[in-house]
Amino acid sequence: MRRRVKSGASPTFRKDMANNTQGFSSTFGAIMAAAGSAIGLGNIWRFPYICGKYGGGAALVLYLLFVFVIGMTLLLSELVIGRRSGHAAVMAYATLKPKRPQWRYIGLFGVVTCFLILAIYYVISGWTLNYFWESVNGTLSHITSGTFDAHFSSFASSAAMPLVCLLVFAAINLIIILCGVQNGIEKVSKLLMPLLLALVVLLCVRSLTLPGASQGLYYLFHPDFSLLTAEGVLAILGQALFSLSVGMGVMVAYGSYLPKGDNLFRSAMWITACDTAIAILAGVAIFPAVFATGQDPAGGPGLVFIVLPSVFNSLGTVGSILFGGAFFLLLAVAALTSSISLLEGITMGFGEMLGTGRKRTSLVMSVGLVLLGIVIAFSYEGGLFSSFRPGGMTLFDWFDKLSGSYLPPMCALLTIVFFGWFMPKDDIHDELSNHGKERTSWFGVFYYVLVRFVAPLALLVVLIGGIF
Ligand code: PHE
């Protein structure tokens, strides 16, 4: 028998929070939404340059190992916590451990982390909107090659356009969240995710047919273990967590919307497989083009905004408009399905905790996010606030570091310790087996090996390594 878990917030309140829907309407919709959360700037902007920098194929092998062993363990844990409790991050912990309300601070930590990530995510997503616009109106195709660096710097350090793009992106997110789970997130994800796949495949085909493309594939897939440093291992594990959207409670919120009979293991496999496939395809789309046009593959974070426009530029005006437009649209779509998941996690996390409705919470949060986003955007190198450098770094770099490297593994560690050592094992098994209906021969290895030891130890090592 399924043990009913006492809910922290009343069912009517929960209904209002989810905007009169029970959650996702179908397994497909749920997988698309969760895959949409996972597939984001991390896959298209960050994964290729991390792989390129830390050993190509060697980094890829390690990434796959981390994603399927540690990332998926966390993903499954969050989905179980969410569906079992029926709540988003903060109240989920309070509900599962009603006698120990202090556990809710894990959830709160995750939601605050989501807030910080989303503020910087809005800024970078705004940049993708600007580049999409500049691709389709032909601005980028008129820039002389070699000056893309200067073009990017002057855009990112200016005041008007980054601000306008930030506001537009935040408004789109808010509208989708206000439409609710089924009519907003699920509908948008079901439409945009197949579009994203089509765009990335189109770009792969174009990239692979460029002369000299094979050099890019060699760079991405050739395993060179001598490039794999300790720093690289940490960066790759961090990337695996960030890419799967795990550790910060977003997947707890999505788990609470999953249909009850869903096989969680199968859903987690699909989400992980989609996320990984898009990351690899993005690498295949980017590196051959970079090599074919003689660009620097170690362009790092600037790769997509500096190197790629000049790649598209070399394809002529029409090529630049078409492929540049398609690429930045792809990036904006990927960013959108991830950012709505972050805003949903924040809205539900704070809303359930404070008892404020969905509309009010998402509005107030959006205002806060935009204000913080403005500070971050103006702190970019050369911007209005860039001379303010606590500890020698701009605020932009501080937020980038905190939200990308330090906070996610910390939240992930706390989550997995709660799940493995404080949540009753029978509850976990009951939820994963759908009350004994599914085969769970893998449960012993998952619980006693991965959840209790491998995942927490790996996270601890990453954190210690990262901090020191
Ligand atoms: N997974 C997203 C990406 O790859 C980012 C993200 C992190 C989204 C955490 C939600 C929660 O870009």
Side-chain angles (χ1 to χ4, degrees), residues 41 44-46 48-50 52-53 120 122-166 168-169 199 203 206-207 209-213 215-216 219-220 282-283 285-332 334-335 376-387 389 393-394 396-397 400:
L41 295 174
I44 300 162
W45 163 65
R46 203 159 182 264
Y49 88 76
I50 293 272
K53 191 169 167 194
I120 191 163
Y122 272 176
V123 175
I124 298 172
S125 307
W127 294 353
T128 69
L129 283 188
N130 176 75
Y131 268 70
F132 169 66
W133 176 237
E134 288 191 344
S135 296
V136 293
N137 73 12
T139 309
L140 291 184
S141 65
H142 293 310
I143 295 177
T144 26
S145 71
T147 57
F148 279 97
D149 204 339
H151 178 75
F152 176 69
S153 301
S154 90
F155 156 71
S157 60
S158 66
M161 269 320 264
L163 179 64
V164 171
C165 295
L166 169 73
V168 170
F169 200 80
L199 283 174
L203 285 165
R206 178 65 197 125
S207 210
T209 49
L210 287 169
Q215 237 184 313
Y219 184 78
L220 182 62
I286 290 173
F287 282 108
V290 168
F291 275 89
T293 51
Q295 302 285 326
D296 177 15
L303 198 68
V304 295
F305 295 108
I306 297 166
V307 177
L308 288 183
S310 74
V311 169
F312 300 131
N313 192 290
S314 66
L315 304 174
T317 309
V318 179
S320 169
I321 292 176
L322 275 181
F323 289 101
F327 179 79
F328 286 108
L329 179 66
L330 165 87
L331 208 55
I376 296 174
F378 288 177
S379 304
Y380 191 76
E381 215 55 70
L384 228 52
F385 304 151
S386 61
S387 51
R389 289 170 183 269
M393 284 202 304
T394 60
F396 185 97
D397 291 339
D400 187 28

Inset, instruction - Grab the two heavy atoms, one from Ser207 and one from Ala213, that are nearest each other, plus how far apart they are. - result: O-CB, 3.5 Å

Legend entry - Ring center gap for Phe328 and Tyr131 short of 6.0 angstrom: yes

Inset, instruction - Considering non-hydrogen atoms only, spot the tightest contact between Ser320 and Ser135 and give its length. - result: O-CB, 4.5 Å

Legend entry - Side-chain heavy atoms of Phe148 within contact of Leu140, under 4.5 Å: yes

Inset, instruction - For Pro288 and Gly283, work out which heavy atoms get closest and say how close. - result: CD-O, 3.8 Å

Pairs under 3.5 angstrom only: tabulate donor-acceptor contacts from the side chains of residues 150-161 to other protein residues two or more places apart or in another chain.
from   : atom 1 : to     : atom 2 : distance (Å)
His151 : NE2    : Glu134 : OE1    : 2.7
Ser153 : OG     : Asp149 : O      : 3.1
Ser154 : OG     : His151 : O      : 3.4
Ser157 : OG     : Ser153 : O      : 2.6
Ser158 : OG     : Phe155 : O      : 2.6

Inset, instruction - Any chance you could measure Ile376, atom CD1, to Asp397, atom CG, to the nearest 0.5 Å? - result: 11.0 Å

Legend entry - Donor-acceptor contact present, side-chain Thr394 to main-chain Tyr380, <3.5 Å: no

Inset, instruction - State yes or no: are the ring centers of Trp127 and Phe132 separated by less than 6.0 Å? - result: no

Inset, instruction - Locate the shortest heavy-atom distance separating Cys165 from Gly126; write the atom from each residue and the value. - result: CB-O, 3.2 Å

Inset, instruction - Check for a donor-acceptor pair, side chain of Asn313 on one end and backbone N or O of Ile143 on the other, with a separation under 3.5 Å. - result: yes

Inset, instruction - Show your reasoning for whether side-chain contact (heavy atoms from CB on, under 4.5 Å) applies to Thr128 and Leu41. - result: CA-CA 10 Å; Thr128 69; Leu41 295 174; 4.2 Å; yes

Inset, instruction - Measure the shortest side-chain to side-chain distance between Trp133 and Val168 over non-hydrogen atoms and say whether it is less than 4.5 angstrom. - result: no

Inset, instruction - Can you measure from OG (Ser125) to CH2 (Trp45) and round to the nearest 0.5 angstrom? - result: 10.0 Å

Inset, instruction - Mind checking the CG-CD1 spacing from Asp400 to Ile120? Nearest 0.5 Å is all I need. - result: 4.5 Å

Legend entry - Nearest-0.5 Å distance, CZ of residue Phe169 to OH of residue Tyr122: 7.5 Å

Inset, instruction - To the nearest 0.5 Å, tell me how far Ile286 CD1 sits from Phe291 CZ. - result: 12.5 Å

Legend entry - Any side-chain heavy-atom pair of Phe327 and Ile44 under 4.5 Å: yes

Inset, instruction - Measure up the Phe385 and Phe378 rings against each other and bin them: parallel (under 30°), tilted (30 to 60°), perpendicular (over 60°). - result: perpendicular

Legend entry - Spacing of Arg206 atom CZ and Phe312 atom CZ [to the nearest 0.5 Å]: 10.5 Å

